[in-house]
A.B. asks: 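Could you have a look at this structure, given as structure tokens, before my questions?
Note: hydrogens, waters and symmetry copies are ignored here, and every other heavy atom, side chains too, is used.
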Amino acid sequence: MIAAQAKLVYQLNKYYTERCQARKAAIAKTIREVCKVVSDVLKEVEVQEPRFISSLSEIDARYEGLEVISPTEFEVVLYLNQMGVFNFVDDGSLPGCAVLKLSDGRKRSMSLWVEFITASGYLSARKIRSRFQTLVAQAVDKCSYRDVVKMIADTSEVKLRIRERYVVQITPAFKCTGIWPRSAAQWPLPHIPWPGPNRVAEVKAEGFNLLSKECYSLTGKQSSAESDAWVLQFGEAENRLLLGGCRNKCLSVLKTLRDRHLELPGQPLNNYHMKTLLLYECEKHPRETDWDEACLGDRLNGILLQLISCLQCRRCPHYFLPNLDLFQGKPHSALESAAKQTWRLAREILTNPKSLDKL
């Protein structure tokens, strides 16, 4: 048993060195190329409208506010200034979303975003995005990369296609530090020792982002408060939870396997599903020793089996917001074929670790 485990870990480490590192290097190169173009577009936007200041900056070879959705798809979060005069309201009526409401009607004129406040006092995510979209469209025509960048039409999101190869979504957002959403109040679960009180305090202090983007739970519902709502996002908090042990290595292997074998019609699976299931695995295995390098095979196997179970039940709850289903809106046939493909992959890896040489 131990010999089989050691063999799998050896193959996984080899896979990590050969495949995952190559994937990382290729993506890092793409990011540099993409960020040059995006920075140029955002510089033009800022000239026209100083309230939209680019927050895309490189820190220790990482771009702050950039998420890799897949090797050809990225999201850049553009942090807006001054949320001061608004109250954050998440009463659970919009899973995964919240609204920003004026704390006092008399403060309307004090807001930097006065013309985007609705009659009922909400700061409209949709109105801000619509204004931003107009500015980006103008900036694309003026910027020095105009030959290689196009706006993607037919969406209220701000999306650019670069060199016909890459898609970048630019999302206006507010950073909320020092508060924690009521809809995530059940975290951490009281009977689970992970991640421990110190890490919990760090994560809650890190806070979350409010993004102006289309929300899964809102599609098809068009009441005004809902189209004005902001999407909750916990990227930095999640990254903080994945520090230590072989957690990030495990995530790297999962992302590489997804890119190579689970990029399926209907887009049932993205890297965020992998990250979410890894967080649940951390809860199931709360001890740090469970994340020693020698356990990499067991953890990967556990996550793949959990993924199959989620795909078969057609439900993958968000880690911090369990009422939000990350499979919402995904075609059932796509989830089914992803379950079959994941099962083939898991069986192959488990019964014949050497197959990783070919995967």
Side-chain angles (χ1 to χ4, degrees), residues 67-70 73-75 77 89-99 124-126 129 152 154-159 167 169 171-173 181-187 189 208-235 237-238 251 254-255 258-259 262-281 283 303-343:
E67 285 282 319
V68 177
I69 315 288
S70 80
E73 211 179 328
F74 305 90
E75 180 171 20
V77 173
V89 183
D90 72 324
D91 54 10
S93 60
L94 311 171
C97 297
V99 290
S124 169
R126 185 181 44 85
R129 187 165 71 245
I152 295 178
D154 314 329
T155 169
S156 85
E157 318 268 42
V158 179
K159 288 188 176 179
V167 173
Q169 178 165 338
T171 306
R182 198 189 325 178
S183 47
Q186 88 301 326
W187 184 85
L189 297 171
F208 55 96
N209 294 326
L210 288 176
L211 306 185
S212 166
K213 64 196 288 189
E214 288 169 8
C215 179
Y216 294 127
S217 59
L218 303 185
T219 31
K221 292 182 184 175
Q222 275 313 310
S223 94
S224 62
E226 284 162 344
S227 60
D228 295 330
W230 296 76
V231 175
L232 292 153
Q233 187 243 32
F234 297 83
E238 290 155 355
L251 182 57
L254 286 163
K255 285 175 175 178
R258 190 218 72 90
D259 289 353
L262 297 167
E263 179 65 74
L264 303 167
Q267 299 287 303
L269 288 178
N270 58 37
N271 287 335
Y272 191 65
H273 294 119
M274 301 304 187
K275 192 182 195 185
T276 300
L277 290 169
L278 178 57
L279 288 162
Y280 282 120
E281 188 75 5
E283 283 191 347
I303 293 165
L304 290 174
L305 293 177
Q306 186 60 54
L307 174 59
I308 295 163
S309 165
C310 286
L311 287 163
Q312 287 172 336
C313 302
R314 300 179 186 150
R315 182 166 164 75
C316 179
H318 186 286
Y319 178 67
F320 287 115
L321 310 168
N323 289 338
L324 180 64
D325 175 17
L326 298 177
F327 286 157
Q328 189 169 348
K330 301 282 182 192
H332 286 175
S333 57
L335 295 174
E336 214 157 283
S337 59
K340 285 179 183 152
Q341 180 66 356
T342 308
W343 175 242

A.B. asks: Determine yes or no for a side-chain-to-main-chain donor-acceptor pair under 3.5 angstrom, with Asp228 supplying the side chain and Ala125 the backbone.
C.D. replies: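 Not a single qualifying donor-acceptor pair exists.
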A.B. asks: Measuring from His318:NE2 to His273:NE2, what's the distance to the nearest 0.5 Å?
C.D. replies: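 Here the interatomic distance stands at 10.5 Å.
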A.B. asks: Look up atom CD1 in Ile303 and atom SG in Cys310, then write down how far apart they are to the nearest 0.5 Å.
C.D. replies: 11.5 Å
A.B. asks: side-chain hydrogen bond (donor to acceptor under 3.5 Å, both in side chains) with Ser212: which residues, sequence neighbours excluded?
C.D. replies: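 Only Arg129 meet the side-chain hydrogen bond (donor to acceptor under 3.5 Å, both in side chains) criterion with Ser212.
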A.B. asks: Quick check: closest heavy atoms across Ala334 and Pro265, and the distance to 0.1 Å?
C.D. replies: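 Closest pair (atom of Ala334, atom of Pro265, distance): CB-O, 3.5 Å.
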A.B. asks: What is the distance from atom CG of Leu254 to atom CG of Leu269, rounded to the nearest 0.5 Å?
C.D. replies: 11.0 Å
A.B. asks: For Arg314 and Glu336: C-alpha separation, side-chain torsions, deciding distance, then whether salt bridge (Lys or Arg N to Asp or Glu O under 4.0 Å) applies.
C.D. replies: CA-CA 8 Å; Arg314 300 179 186 150; Glu336 214 157 283; 3.5 Å; yes
A.B. asks: Give a yes or no answer on whether the side chain of Gln186 reaches the backbone of Phe320 with a donor-acceptor pair at less than 3.5 Å.
C.D. replies: yes
A.B. asks: Of all the heavy-atom pairs spanning Leu232 and Ser183, show the shortest one and how long it is.
C.D. replies: CD1-OG, 3.8 Å
A.B. asks: Exactly one of Gln233, Lys213, Lys159 should register a side-chain hydrogen bond (donor to acceptor under 3.5 Å, both in side chains) with Glu75. Which one does?
C.D. replies: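 It is Lys213; the other options fail the test.
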A.B. asks: Once rounded to the nearest 0.5 Å, what's the spacing between atom CG of Leu324 and atom CG of Leu94?
C.D. replies: 11.0 Å
A.B. asks: Can any side-chain N or O of Tyr319 pair as donor or acceptor with the backbone N or O of Lys275 at less than 3.5 Å?
C.D. replies: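 Answer holds: no.
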A.B. asks: Can you tell me how far apart CG (Asn270) and OG (Ser70) are? Round to the nearest 0.5 Å.
C.D. replies: 9.0 Å
A.B. asks: Go through Glu214 and Thr155 one step at a time and tell me if the side chain to side chain contact (heavy atoms under 4.5 Å, CB included) criterion holds.
C.D. replies: CA-CA 9 Å; Glu214 288 169 8; Thr155 169; 4.0 Å; yes
A.B. asks: Tyr272 and Glu238: side-chain donor and acceptor closer than 3.5 Å?
C.D. replies: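 Side chains of Tyr272 and Glu238: pair found under 3.5 Å.
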A.B. asks: Check step by step if side chain to side chain contact (heavy atoms under 4.5 Å, CB included) holds for Ser156 and Arg126.
C.D. replies: CA-CA 8 Å; Ser156 85; Arg126 185 181 44 85; 5.8 Å; no
A.B. asks: Atom CZ of residue position Arg315 - does it have more than 12 heavy atoms of other residues, nucleotides or ligands inside 6.0 Å?
C.D. replies: yes
